[in-house]
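Encoded as structure tokens, the structure appears first; notes follow it.
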Amino acid sequence: MNNTLQFERMTIKSYGEIYDMWNSIQGIGVSDADSKEAIERYLERNPSSSFVCYEENKLIGTILCGHDGRRGYIHHTCVLPEYRGRNIGKTLVEKALEELKKEGINKCHLFVFYDNELGNGFWNNVGWEKRSDLLIYSKRI
Ligand SMILES: CC(C)(COP(=O)(O)OP(=O)(O)OC[C@H]1O[C@@H](n2cnc3c(N)ncnc32)[C@H](O)[C@@H]1OP(=O)(O)O)[C@@H](O)C(=O)NCCC(=O)NCCS
């Protein structure tokens, strides 16, 4: 039944429903970096590598992906619980990476909460390397 799925580039026009979906999903950390202004700026800088998935006009999956000229970064990969297990997450990732490649980016990173079992299981299964040689440092400025 995957031929009923519609994958589209993410645009700011759909921000409201995308934001509502992110807020509804366990494992997705929504922050001030997800304000409409911030996402609009992100999509202006990275117009082609973020995607949404619809089925029967209902938003069921997203991936936010971009690069800084050197490396790619993925955020907010999610699929509504009742639509999981149909390769939607994997397809979103493939589409995003395809676009990064076209833009000359050959490596991508992502962040997953330590205790997000679903997320960590997924990334392991779809061929990503878990780094044990790095820590994330952050600072509010
Ligand atoms: C992670 C998530 C996006 C996966 O979406 P999905 O559409 O169900 O995943 P897919 O159907 O594309 O799965 C692709 C492959 O990964 C496997 N997989 C998916 N979730 C898995 C898990 N938790 N543990 C192990 N394998 C998993 C699938 O079995 C499939 O394997 P196959 O190709 O061998 O059949 C979804 O579970 C989700 O939205 N989780 C909550 C949000 C989240 O934590 N996102 C990641 C944060 S960075």
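Every heavy atom of this structure was used, including side-chain atoms; hydrogens, water molecules and symmetry mates were not. Whatever order the structure lists them in is the order used to number ligands and atoms, beginning at 1.
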In terms of heavy-atom contacts, does CG of Asp133 have more than 12 from other residues, nucleotides or ligands at under 6.0 Å? yes

Check your understanding: If you count the non-hydrogen atoms of other residues, nucleotides and ligands that lie under 6.0 Å from CD in Glu56, is the total more than 12?
Key -> no

Query raised in the report: Checking Ser49 side chain against Cys65 main chain: does a donor-acceptor pair fall under 3.5 Å?
Result: yes

Residues pairing under ring-ring contact (aromatic ring centres under 6.0 Å, His included) where one sits in residues 78-113, two or more places apart or in two chains, turn out to be Tyr73-His109

So salt bridge (charged side-chain N to carboxylate O under 4.0 Å, His left out) across residues 15-38, not counting sequence neighbours, yields Asp32-Arg140

Within the heavy-atom cut-off of under 4.0 Å, ligand 1 is lined by Ile25, Gln26, Ile28, Thr77, Cys78, Val79, Arg84, Gly85, Arg86, Asn87, Ile88, Gly89, Lys90, Phe111, Asn116, Leu118, Gly119, Gly121, Phe122, Trp123, Asn125, Val126

For residues 21-66, the ring-ring contact (aromatic ring centres under 6.0 Å, His included) pairs (sequence neighbours left out) are Trp22-His76

